[in-house]
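Below is one structure, written out as structure tokens; comments come after it.
Both counts, for ligands and for their atoms, begin at 1 and track the order of listing.
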Amino acid sequence: MRDLIIVGAGPAGLTAGIYAARARLDVVLLEKMAPGGQVLLTDIVENYPGFPDGISGFELMDRMKKQAENLGLPIESREALSFRFDPDSKTATTDKGHEQARSIILACGANPRKLGIPGEELLIGKGVSYCATCDGPFYRDLEVAVIGGGDTAVEEALFLTKFATRVYLVHRRDQLRATKILQERVMANEKVQIIWDTIPLKILGDQAVEAIELKNVKSSEVLSLKVQGVFIFVGFEPNTQLLKGLVDLDELGFVRTNDTMETSVPGVFAAGDIRSKNLRQISTAVGEGAVAAFSAERYLDTLRG
Ligand code: NAP
């Protein structure tokens, strides 16, 4: 049986892997997609220390992955399908067999939240997108709407101004949630028009997005905005479907841990966006990954007496 399984190769999982590999634990990291996590969807990261001119999300994650591999961390392309947490063993059943270890770090991250409005599901990939970095270049000289008022929505709205002639930023309140520096930039950008106090009702179009129907929550006025793209950034949902009933989750479904990153089950740790917390950043994920690996090592020492 291995010492440790890490699930998820975003910043938290890769950092946990770096620490575990340097501690010479018998560890494996399982990742269902390409290593990198949500950061891969980010054009430029400018608040991760050490890169004074910023760094592309792809390059940052590629560097973390190479660093982990250089230190001997095996990264396997496998999807966890279910978990079982017994006192003396933790099992991940994957699409390529079982993996068993004495401890496990859950760093499976989160996925973009959907709005759940008519037209959204139907038009995914036909104008509805959750990733400006991936799809932005398709909207050169077109008009798009961005939904949301947090860091992601504002950053992505700014990114989209490289391509689109006009970016409508549709926010349900009269104040943005995003960090002040991003607010200043978006307010100063002439290509962005912020539509305050407004929620999306439905996305219109058959084969492609043609317009979005919006409602002003203060005046109840409904208007239809002609756009060719709708980019939705209204937060994230944790990837904890497989963990329900196994570890304590908060009311939003994020994993509760103590400050050693241990969940309600001894030997099961969590780090990164999957955790219940109030700041989701690459820097916090990295710190939590380090703490989780250190705590797993301590836990294994205790088991060995
Ligand atoms: P977020 O901070 O949760 O913001 C979600 C936004 O969507 C909020 O403005 C919210 O409105 C709005 N919203 C939520 N549900 C909605 C609905 N049903 N209809 C319309 N609007 C809705 O999510 P995020 O921006 O994706 O950020 C997630 C985390 O990652 C945050 O901790 C953020 O700081 C971090 N992040 C950091 C960076 C960076 O540091 N550069 C970049 C990206 C993300 P309300 O404001 O009214 O709640």
Ion pair Arg304/Asp3, N-O distance below 4.0 Å: yes
Short question: side chain of Thr198, backbone of His171 - any donor-acceptor pair under 3.5 Å? no
Residues passing the salt bridge (charged side-chain N to carboxylate O under 4.0 Å, His left out) test with Arg177, sequence neighbours excluded, are none
How far does CD of Glu99 sit from CD of Glu76, to the nearest 0.5 angstrom? 6.0 Å
Run the side chain to side chain donor-acceptor pair (under 3.5 Å) check on His98 and Thr93 step by step: do they pass? CA-CA 4 Å; His98 299 290; Thr93 299; 3.0 Å; yes
Would the distance check show the side chain of Arg113 and the main-chain N or O of Val234 forming a donor-acceptor pair, the cut-off being under 3.5 Å? yes
Near ligand 1, which protein residues have a heavy atom under 4.0 Å away? Asn47, Leu115, Gly148, Gly149, Gly150, Asp151, Thr152, Glu155, His171, Arg172, Arg173, Arg177, Phe233, Val234, Gly235, Phe236, Arg280, Gln281
